[in-house]
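Some notes on the structure that comes next.
Only a predicted model underlies this, so the values are computations on that prediction, with no experimental measurement involved. Within every chain, numbering begins at 1; the chains are lettered A, B, ... in the order of the sequence lines, protein sequences first and strands thereafter. Worth knowing before you read on, the calculation uses all heavy atoms, side chains too, and leaves out hydrogens, waters and symmetry mates.
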Protein chains: 2
Amino acid sequence: MVTLAEVAQHAGVSASTVSYVLSGKRSISSTTRQRVEQSIRELGYHPNAGARALAGKRSNIIALMIPLRTDMYVPVMMEIAIAVATTARTHGYDVLLLTGEEGPDAVRRVTGSGLADAMILMDVELQDERLPLLRESGQPSVLIGLPADTADLTCVDLDWSATGALCVTHLAGLGHRDIAVIGEAPAVYERHTGFAERTLDGLRSRARETGVRVLHRPCEGGYDAMALTLARIFDERPATTGFVVQNESAVEPLLALLRQQGRAVPEDVSVVAICPDQVAVQASVRLTSVAVPAQEMGRRAVEHLVAKLDGPGGDEVVLLAPELTPRASSGPAPAAP
Amino acid sequence: MVTLAEVAQHAGVSASTVSYVLSGKRSISSTTRQRVEQSIRELGYHPNAGARALAGKRSNIIALMIPLRTDMYVPVMMEIAIAVATTARTHGYDVLLLTGEEGPDAVRRVTGSGLADAMILMDVELQDERLPLLRESGQPSVLIGLPADTADLTCVDLDWSATGALCVTHLAGLGHRDIAVIGEAPAVYERHTGFAERTLDGLRSRARETGVRVLHRPCEGGYDAMALTLARIFDERPATTGFVVQNESAVEPLLALLRQQGRAVPEDVSVVAICPDQVAVQASVRLTSVAVPAQEMGRRAVEHLVAKLDGPGGDEVVLLAPELTPRASSGPAPAAP
DNA sequence: AAAACACGTCGAAGCGCTTCGACACCTCTG
DNA sequence: CAGAGGTGTCGAAGCGCTTCGACGTGTTTT
């Protein structure tokens, strides 16, 4: 393994000079710089990460805590993770993957060991156990998601409340008066995941404003669960003509069931999905949807973190504005019979 | 930040003693051990990762290289990644997430910098550019997937060839004589991804043995692409009664299209999917499927790696035997008209 | 009773890097 | 032309940990 010292010797300079060439923290004449760079290339030198972390007091690693559960939005998680990793690399950071399994202890471990310089937390609950630890540790961090109390915290998230409102506005504008919301699995609501509850708030308050009735039903994914849920919805609100779906694995079953029941989309019922664009365009009906900007969330999270790491900026809550793309699944409400 | 030295002082022993308590590499009287452990707890000590890596010449980090592209099997990737991360933790390792983006350079960087002790590579192509580097670096590694040449390499994978064969056996056993294979997107075949080609080999050779005709068509996911592909298949082989699908995002579209064309599943046509069980049971028809054992692959990969890291075992190719679960999507071939 | 061996502990060296202060040397100023 | 101020380079001191050899003590062996 090639060391700094060997590079220095090969280039005929001192070790510190090589270090300064690498870091650019002191000016170096261009002749020496070139000589050193040449040696680095010839010897195939890579600085040792451990030594660097020890001496420099920063590891150039960002920890990313992803949820262990896979009961929702797996592709979104994956997309965020990939965006985080690639964005981090462009800023010279690597990404350490932590699963929720360890729980709050992971925060302690990473903070205490200097393994990572900063953390990104996903799947944030409204009252998240990890937050007290994060605050007290003073470790730079960004949440992807929004807890109940955002004091001292930087958060990046889609504006879910606006997302919910946007869906209602769209359907209300088309004349729909009875809207059903197919939500995530009950477990997601039970653990008070921020995005689910906020979406609901947005839906409901806009519904109140526009005089639309909203019926919300959580739903496990899959065909059978969806069949049951749908039956109950039409049972309770036979006049339902609009659907908002916030559950990837319920989308296709819903469409299949509606078709099967002879309800045409969008002539008889309209469907608005909250999902990645890819899902929306691949469905059996091209879905009017509000996209979940997964890539952007990951990218923004890293950028905020990096900004904090060099020159501590303040805390901030960044809510991305939702955008609704009308496609083939929504249209004017049918005339009342 | 609490250091070893502070713990030592607090416990009234030398630093080396604390270190030996931590590592267990020398015997320590139980009195001192307890005293030290007590101090560690009271001070909330966590060993510094960088210092440890530097002095101990191992970082206790495993690098996981996941593909950047998301043109296939995202949930499977995610599941593997999570399994890798959790299994690694149980062995005292953390996981560094690398995306394919950097390409072969990532191998060089990780190897050279001592950032990670070992690597796991996913999305291995038959002639993978990263392999020469891996071999020459001598870094412990495990591939999830199977390249063309496995010399000096440890690989873990589903036995895709057997998987393909199993699907044909199942359908042939039910009397189907014309089978269509809906494959991954063309790009996946173009870059010679091992699993796709091997599955095809297995399908074809078993088809030859059982006297079944096989028509293979790659397919981008989604409804429209599937519609086109399906039309072509029935055009070319109107007698097709069996389908093998190896493309998650084609499964639901296929079912919808068959339904729409009035072909009943499984009375008129049978469908066998190669996908995670969750997808199979959530589809609009409960699918006969061969599961992709994502968790097990991740777990096994880590375990092999850990075994290599302490006491270098030999290289090995581990092929997991596929299992087919019959569900509601396959049945006897209809009597010839 | 002396020699041999464990056992438990300690001090010191060193892992490869960053960074601080020092020191040449050179170019401006007044 | 002396002093001030820059510039480019170097040596040395750590960063917090692991590990090796050494050194008491207490126990066993001959």
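No hydrogens or angles considered: nothing links the side chains of B/Ser19 and B/Ser16 as a donor-acceptor pair under 3.5 Å. A side-chain donor from one of A/Gln38 and A/Arg41 sits under 3.5 Å from a side-chain acceptor of the other.
Contact annotation: side chain of B/Tyr20 to base of D/dC20, donor-acceptor pair present below 3.5 Å.
For the side-chain contact (heavy atoms from CB on, under 4.5 Å) with A/Leu143, the lone residue among A/Ile120, A/Leu131, A/Val156, A/Asp128 that qualifies is A/Leu131.
Among the atoms of the strands shown, none is found under 4.0 Å from any heavy atom of B/Ser23. Across all strands, A/Thr3 comes closer than 4.0 Å only to sugar-phosphate atoms, never to a base (heavy-atom distances).
The minimum heavy-atom distance linking B/Glu102 with B/Arg109 is given by the pair OE2-NE, 2.9 Å. Nearest approach of A/Arg135 to A/Leu153, heavy atoms of both residues: NH2-CD2, 3.3 Å. Considering all non-hydrogen atoms of both residues, A/Gly44 and A/Val2 come closest at O-CG2, 4.2 Å.
When the C1' atom of C/dT19 is taken as reference, atom CG of A/Leu4 falls 13 Å away, rounded to whole Å. In this entry the distance linking CZ of A/Arg26 with P of C/dC20 reads 7 Å, nearest Å. Remark: P of D/dT7 and CD1 of A/Ile28 are 13 Å apart, rounded to the nearest angstrom.
A sub-4.0 Å separation between OP1 or OP2 of D/dC10 and a side-chain N or O of A/Thr17 is present. Residue B/Ser16 has no polar side-chain atom (N or O) positioned under 4.0 Å from OP1 or OP2 of D/dT18. Taking 4.0 angstrom as the limit, A/Ser29 places a side-chain polar atom (N or O) nearer than this to OP1 or OP2 of D/dT9. Side-chain nitrogen and oxygen atoms of A/Ser14 include none within less than 4.0 Å of the OP1 or OP2 phosphate oxygen of D/dT9. For A/Lys25, a side-chain nitrogen or oxygen approaches OP1 or OP2 of C/dT19 to under 4.0 Å.
The side chain of B/Ser27 has C/dG8 as its nearest neighbour among D/dT7, C/dG8, D/dT19.
Contact check of residues 33-60 of chain A against DNA chain D (heavy atom, cut-off under 4.0 Å) returns A/Leu54, A/Ala55, A/Lys57.
Considering only heavy atoms from C-beta on, B/Met119 comes within 4.5 Å of B/Gln139 through its side chain.
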